[in-house]
Amino acid sequence: MTQSSGSTFDPAGYFAFDLARGSVHTRHGDRVLMLSSDVISPLVATAARHGDLTAVRGLGKRMGEHAARSLGGDVGAQEPERVLEHAAATLALLGWGVLGMERWGAALVLVLEGSPQLDADCLGLAALLGGLLTSLGGRDVACVPVGHTARFVVVHPQVAETVWSWAKDGVSLAEIVGRLAEDEAA
Amino acid sequence: MSQARISKLEALLARVSGRRDEPRLHVVAAPAEEPVAAAAHAPEPVELAEPVAMAAEPAIIVMPDVPAGVSVGDGAPPTPSVIDALAAIRPEALISLPPAALGADARSARGPIARPSMPAPSEPEAPELDEPEEPTVAVAVPNLLRAVHPELTPAGDPAVPEEAPPAPAAPPAVEAPAALAAEPEPAPTEPTLPEPTLPEPSEPAAPEPVLELVQPAAVSTPEPPRVSVPPPRMSLPVRPSLPSPELVPEALPFTLLTERPPALPSEQESLELAAIALSTAPVIDLGGAGPVRVEVQPLSDLIEMPEVDVARVSAAVTVVPTASSTPPSGRGPAPIIPPVLAPAITALGGSELEPDVLAPSESAAEELVGDAIRAQLPSITGSAVTVSSPLPSRAPQSFGRLLSRSLALRPRS
């Protein structure tokens, strides 16, 4: 049984600008910085080259926590559309683009359009979305970018490397989904 | 078209119909008398008069045996000479049979489906076949000719010799519905699959598809019809598994000529063609899951979907392995169809295969489309196969369930 009740995402008062102290906080209490994407991009690109996107993934987790708090209740039991609404609103408020969600058979695919260009392979955004879904789903989640379609396949971290190798070889999203099968034991 | 060719075509039609106890099918040219008579004195080929209700149809009609006392057109059944005359003027308006359809195993039609572009009769080279993994299908297929057989090819096709080899002996009569439940042979396209098992020469012929011609009133002839004309509606059951396409490279499963340049089909046409493509390529490889068979029928139910979106329907169709398939141990049916359908849908002029998009707020239009698909899906479920929908049922699905399914995905072994 899914939960469909609840209010829609309310962006009002999400940021609190304290000019006297020179700080900006979200309504959840997190202090945030207003930075140009031109500043963030090289930092993320460097992190991606070094294979350590922990900070970006952590940022995604915080966003997921915000969305989950906005949703209220058990996120997993709620309708996907409602979860998407709150997650997309949270990302949009922070300037990360427009989040979409697609189903390709059993595969869940995230679409992030209008996002800032961080690194060539979109690994930064993948880490961000992976953190986001990890918080929302309560399970460790990996998002693998596929081509330059702004799409990210949601998979278990154990198979992320395999899927990523397919994507780097130019395998289309449809074929990637076709190469995957549900493991009932998983 | 010689009498021999006509006879062969009729013989094939009788074979594919699988109903020996019913009247034979005749191939006639209609409307024939007037344009043929006019063209006989004209220096240039003339346009054939088009049937009133079939503006884009070729000048050929497949009809049941003409009963005694009933005539066509000007009062007399078209004669072979009329058809010959028509063939001399507009050979592309007639259809002929590829050698494989007459001489070789007519079942061996699995392979690429013809591209929308039709080969000109004067082209010196035979139309090049695509890779088997990229099934495509001809567009702008005349409705009437859809009821003939996918193996029919234009008379002007250079790949088809004017005189086809002699037709083999008719296959043994079979009970088509029961025989369709036979186990499919492995598809030879994927290295993960077992080696293709070619039928032995002495092996009994597999059942032929059953061609059902219904609703005679659906098509009208230019003259006040006195003979009922088979309509375009048809039911294409699953065809048996097929040997390697390399064995029958000339056997294009779906090549038809029209009198007009092919145009991009409408969504409904694309959908119908997609259904035909599925029906004509029933053995689909799902990688490690083994071959599956697909049956989509009746087509009329598909094409009557209101405001249907081809992409959504393609995403809605899921093919699962038949019982005879060998899914990987410990795994359930493989429910993924997009890799299989995507090339066909694209070739049909439809949009790229799109997933089932989850929008923050599902619009009423989307709900209507979803309801239409769901309402129609039972009608495209065959007995020998399973065609189901991965679209969410009306019972809401939770985010946690969606996420769990995705996280349970593993590379196929």
Is any side-chain heavy atom of A/Cys143 closer than 4.5 Å to one of A/Leu110?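 Of all side-chain heavy-atom pairs linking A/Cys143 with A/Leu110, at least one is under 4.5 Å.
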
Contact between A/Thr26 and A/Phe15 at the side-chain level, heavy atoms closer than 4.5 Å - yes or no?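 Sidechains of A/Phe15 and A/Thr26: in contact.
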
Please walk me through it: do A/Leu108 and B/Arg405 pass side-chain contact (heavy atoms from CB on, under 4.5 Å)? CA-CA 8 Å; A/Leu108 192 62; B/Arg405 287 190 67 192; over 6 Å; no

Just to verify, which of A/His28, A/His86, A/Glu85 counts as forming a side-chain hydrogen bond (donor to acceptor under 3.5 Å, both in side chains) with A/Ser70?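 Looking at A/His28, A/His86, A/Glu85, the match for A/Ser70 under the side-chain hydrogen bond (donor to acceptor under 3.5 Å, both in side chains) is A/His86.
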
Residues of residues 48-66 of chain A contacting chain B, heavy-atom criterion under 4.5 Å, by residue number: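 Result: none.
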
Taking A/Val159, A/Val111, A/Thr162 one by one, which has the highest count of heavy-atom pairs under 4.5 Å against chain B?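 Result: the option with the highest number of such pairs is A/Val159.
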
For chain B, find which of A/Val154, A/Leu173, A/Val163, A/Val153 contributes the most heavy-atom pairs closer than 4.5 angstrom. A/Val154

Audit row: A/Leu84, B/Phe399, side-chain contact (heavy atoms from CB on, under 4.5 Å) steps and yes/no: CA-CA 9 Å; A/Leu84 172 63; B/Phe399 171 74; over 6 Å; no

For A/Val141, the option from A/Leu136, A/Val155, A/Leu132, A/Thr134 that meets side chain to side chain contact (heavy atoms under 4.5 Å, CB included): A/Thr134

Run the side-chain contact (heavy atoms from CB on, under 4.5 Å) check on A/Thr90 and A/Trp96 step by step: do they pass? CA-CA 9 Å; A/Thr90 304; A/Trp96 288 94; over 6 Å; no

